[in-house]
Number of protein chains: 2
Amino acid sequence: MGTRYKGTEKEMTALNTFLKLVRAAESTLSRVNASLSKSNLTESQYAILDALYHIGPLFQKDLGNKLLKTGGNITLVIDNLEKRSLVIRERRAQDRRYFTIHLTKQGKSLFQKVFPGYLKSVIAEMQKLSKTDQVELQRLCKVIGLTPINTKK
Amino acid sequence: MGTRYKGTEKEMTALNTFLKLVRAAESTLSRVNASLSKSNLTESQYAILDALYHIGPLFQKDLGNKLLKTGGNITLVIDNLEKRSLVIRERRAQDRRYFTIHLTKQGKSLFQKVFPGYLKSVIAEMQKLSKTDQVELQRLCKVIGLTPINTKK
DNA sequence: ATAATTGAATTTAATATTCAATAAATAGCC
DNA sequence: GGCTATTTATTGAATATTAAATTCAATTAT
């Protein structure tokens, strides 16, 4: 299973680690996302509702940064959520370049309906590891996630 | 950083681990994928070229299984690769439901051009961890990636 | 105050992704 | 041999995603 490339040990280890990391994230994610399908929420839509619910109203800009998505993408996903009246855009008075995104009553209520199942499926996935191993995985992922020092410019 | 939800320790640990795992994979992936943009290859396109190069000709079905993608998706990505003459479809004589996908000369040559930079960026990412930590991460990811026993049906 | 710049959001074009429906080919069975 | 079910691939609709170009608002520099 995995890569068939034959290289040095260092290369093989790196490719293997990378592949397993990505596979683990994708397969877990696909199972967790399945818990959202009943509510016709996509992963991106859920992530936005989650952020708004747990943090409060946010600018589109901040949502993009938080979810590591581009501005154009956030625009579209917010559009789709707004069509279903799950969120609303509010133009900011002090600086009219900004839109504050608010969860509506319906959005809040849908999130509350969906969250328990989501949490349950996350727990089911993560329980494959002991508490100790989960903490260890967190440590390793934190290192991996770090952006390298930007050497140019 | 991360989730603002306040729950039991078990819930918090699971949510945190899940979030960090997904973040680590996504951020690493986005940096590695940047090495593909010069050749105008998307992640999916690269993955297909990689599989064909290192394994050999494959049926679309097998590509889909290997890359964990749906049939419809594979059809489209192969279409796009075929437009650029990087792969060709060959209908199988014994069973005409199958298409065997072959790498063309151009596809092989493009892959050989792209692979070193890809490998280099994977190594750069994974070198944030010691060899020991990489092996440990592989172990944890292997457990996480396991599909739970299918209890129904 | 005007010009240039920065910053937020949108739009557009291209690709990806899934799901559901369909078509085409084969396999299994009676 | 001819129906039926299964399997492979394609298509279409909906959503996602990015990058680049554009618009509009605010700020900075001259």
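The analysis underlying the following values was restricted to heavy atoms, covering all of them including side chains, and did not include hydrogens, waters or symmetry mates.
- Across the interface with DNA chain D, nearest-nucleotide mapping of B:R89 and A:G71 shows B:R89 to be the residue nearer the 5′ end.
- Not one side-chain nitrogen or oxygen of B:N73 sits closer than 4.0 Å to the OP1 or OP2 atom of C:dA16.
- Taking five base pairs at each end of the helix from C:dA1-D:dT30 to C:dC30-D:dG1, the local helix axes there meet at an angle of 10°, rounded to 10°.
- Residue-level contact check: A:T70 touches the bases, meaning some heavy atom is under 4.0 Å from a base atom.
- Considering only side-chain N and O atoms, A:T42 lies nowhere under 4.0 angstrom from the phosphate OP1 or OP2 of D:dT15.
- For the pair A:L63 CG and C:dA8 C1', the computed distance is 13 Å after rounding to whole Å.
- At least one side-chain heavy atom of A:K66 sits less than 4.5 Å from a side-chain heavy atom of A:I55.
- OP1 or OP2 of D:dT15 has not a single side-chain nitrogen or oxygen of A:S44 nearer than 4.0 Å.
- The distance between atom CZ of A:R91 and atom P of C:dA9, rounded to the nearest whole Å, is 9 Å.
- Under the 3.5 Å distance criterion, with hydrogens and angles disregarded, no donor-acceptor pair is assigned to the side chains of A:Q106 and A:R84.
- For the pair B:R31 CZ and D:dT18 P, the interatomic distance rounds to 15 Å; values are reported in whole Å.
- For the ring-ring contact (aromatic ring centres under 6.0 Å, His included) condition, no pair includes a residue of residues 13-44 of chain A, sequence neighbours left out.
- Counting any heavy atom pair closer than 4.0 Å across all strands shown, B:Q45 reaches sugar-phosphate atoms only and no base atom.
- Nearest nucleotide to the B:K69 side chain, out of C:dT17, D:dA16, C:dA25: C:dT17.
- Residue A:Q60 has its side chain nearest to C:dA9 when only D:dT17, C:dA9, C:dT17 are considered.
- Residue contacts shown for A:D95 are limited to sugar-phosphate atoms, with no base heavy atom under 4.0 Å away.
- Residue B:K83 is the one, among B:K83 and B:G72, whose nearest nucleotide of DNA chain C lies closer to the 5' end (criterion: closest heavy atom).
- Between the CG atom of A:L76 and the P atom of C:dT15 there is a distance of 18 Å, rounded to whole Å.
- Here the C1' atom of nucleotide C:dG7 and the CD1 atom of A:I74 are 16 Å apart, to the nearest Å.
- Separating the CD1 atom of A:I78 from the P atom of C:dT11 is a distance of 14 Å, rounded to the nearest angstrom.
- Nearest heavy atoms, B:V22 versus A:A25: CA-CB, 4.3 Å.
- Taking 4.5 Å as the limit, some side-chain heavy atom of A:K131 sits within range of a side-chain heavy atom of A:V135.
- Side-chain contact between A:S30 and A:E26: absent, with no pair of heavy atoms (C-beta onward) separated by less than 4.5 Å.
- Residues A:L21 and A:M12 share a hydrophobic cluster, clusters being chains of Ile/Leu/Val/Met/Phe/Trp/Tyr side chains in contact below 4.5 Å.
- Put simply, CZ on B:F59 is 13 Å from P on C:dT26, counting in whole angstrom units.
- Transitive grouping of hydrophobic side chains (ILVMFWY, heavy atoms separated by less than 4.5 Å) keeps A:F59 and A:V87 in distinct clusters.
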Distances for protein N or O near nucleotides 3-7 of chain D N or O, under 3.5 Å:
from, atom 1, to, atom 2, distance (Å)
D:dT7, O2, B:R97, NH1, 3.3

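- When the C1' atom of D:dA14 is taken as reference, atom CG of A:L41 falls 15 Å away, rounded to whole Å.
- Tracing side-chain contacts under 4.5 Å through hydrophobic residues (I, L, V, M, F, W, Y), one never reaches A:L68 starting from B:L19; they form parts of separate clusters.
- Using a 4.0 Å heavy-atom criterion, one finds that B:R92 contacts no nucleic acid atom at all.
- With contacts defined as side-chain heavy-atom distances shorter than 4.5 Å, the pair A:L41/A:L86 qualifies.
- In the hydrophobic clustering of this structure, A:V114 groups with A:L81; members are Ile, Leu, Val, Met, Phe, Trp, Tyr whose side-chain heavy atoms approach within less than 4.5 Å, directly or through other members.
- Side-chain N/O atoms of A:N80 include one lying less than 4.0 angstrom from OP1 or OP2 on D:dA16.
- Closest contact between the side chain of A:T75 and the listed nucleotides D:dT10, C:dT11, D:dT17 involves C:dT11.
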